[in-house]
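Bear in mind that the values here come from a model prediction, so they are computed numbers and not experimental data.
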Amino acid sequence: MARGSLYETLGHLSAAFDEEYMDAAALRSHWALVEEAIRVLNGYIRYLQGMGIVDGAAEPAGPYGEEVEIFVPMPADLATDLASDN
């Protein structure tokens with residue numbers, strides 16, 4: 001996905017240059033940054049493939065953090081304050 005997004009960015013840069021939103025120097029500068037990001041990403045993909053991780057994450061799938069109940073009973077002091085307001 002990341003590689004596709006980088007190639008999409010190159011297309012956007014090309015369109016911005018064609019529509020004269022940027023000059024040639026800015027295009028070259030940004031293009032070089034995206035190409036470097038593609039090279040780094042390709043290296044990381046090769047590293048993961050060398051570890052035997054082809055199309056997956058480098059860590060096992062599982063929940064992150066601890067599960068926390070978000071719907072809990074209202075604290076007693078707040079319930080008392082609300083009842084006295086009515």
Side-chain angles (χ1 to χ4, degrees):
M1 264 198 243
R3 191 169 22 199
S5 294
L6 287 168
Y7 282 111
E8 183 179 1
T9 300
L10 291 177
H12 291 305
L13 287 172
S14 180
F17 177 72
D18 290 345
E19 296 297 324
E20 299 179 356
Y21 287 112
M22 62 184 353
D23 60 10
L27 175 65
R28 279 192 297 273
S29 171
H30 288 83
W31 197 279
L33 289 171
V34 174
E35 283 185 333
E36 177 63 19
I38 290 170
R39 279 191 291 277
V40 170
L41 180 62
N42 285 338
Y44 183 58
I45 291 169
R46 278 191 304 278
Y47 166 76
L48 292 176
Q49 288 172 337
M51 290 180 55
I53 302 168
V54 179
D55 287 325
E59 50 189 73
Y64 286 97
E66 64 182 66
E67 291 186 25
V68 177
E69 183 65 42
I70 59 172
F71 296 107
V72 296
M74 186 181 306
D77 60 333
L78 183 58
T80 305
D81 289 344
L82 288 174
S84 64
D85 288 343
N86 291 331

Can you tell me how far apart [atom1] ([X]) and [atom2] ([Y]) are? Round to the nearest 0.5 Å.
| X | Y | atom1 | atom2 | result |
| --- | --- | --- | --- | --- |
| Glu35 | Ile38 | CD | CD1 | 6.5 Å |
| Leu13 | Tyr21 | CG | OH | 14.0 Å |
| Glu36 | Leu6 | CD | CG | 11.0 Å |
| Leu48 | Met51 | CG | CE | 7.0 Å |
| Leu33 | Thr9 | CG | OG1 | 11.5 Å |

Are Trp31 and Tyr7 grouped together when hydrophobic residues (ILVMFWY) are joined by side-chain heavy atoms under 4.5 angstrom apart?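 Same cluster: Trp31 reaches Tyr7 through Ile, Leu, Val, Met, Phe, Trp or Tyr contacts under 4.5 Å.
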With the 4.5 Å side-chain cut-off for hydrophobic clustering, are Leu41 and Val34 part of the same group?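 Shared cluster, yes.
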Spell out, as yes or no, whether a donor-acceptor pair under 3.5 Å connects the side chain of Ser14 to the backbone of Leu10.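 Judged by distance alone, no pair lies under 3.5 Å.
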Would the distance check show the side chain of Ser29 and the main-chain N or O of Ala25 forming a donor-acceptor pair, the cut-off being under 3.5 Å?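 Checking the backbone N and O of Ala25 against the side chain of Ser29, no donor-acceptor pair under 3.5 Å is found.
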Contacts of type salt bridge (charged side-chain N to carboxylate O under 4.0 Å, His left out), residue Arg46, not counting sequence neighbours: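 Arg46: no salt bridge (charged side-chain N to carboxylate O under 4.0 Å, His left out) contacts found.
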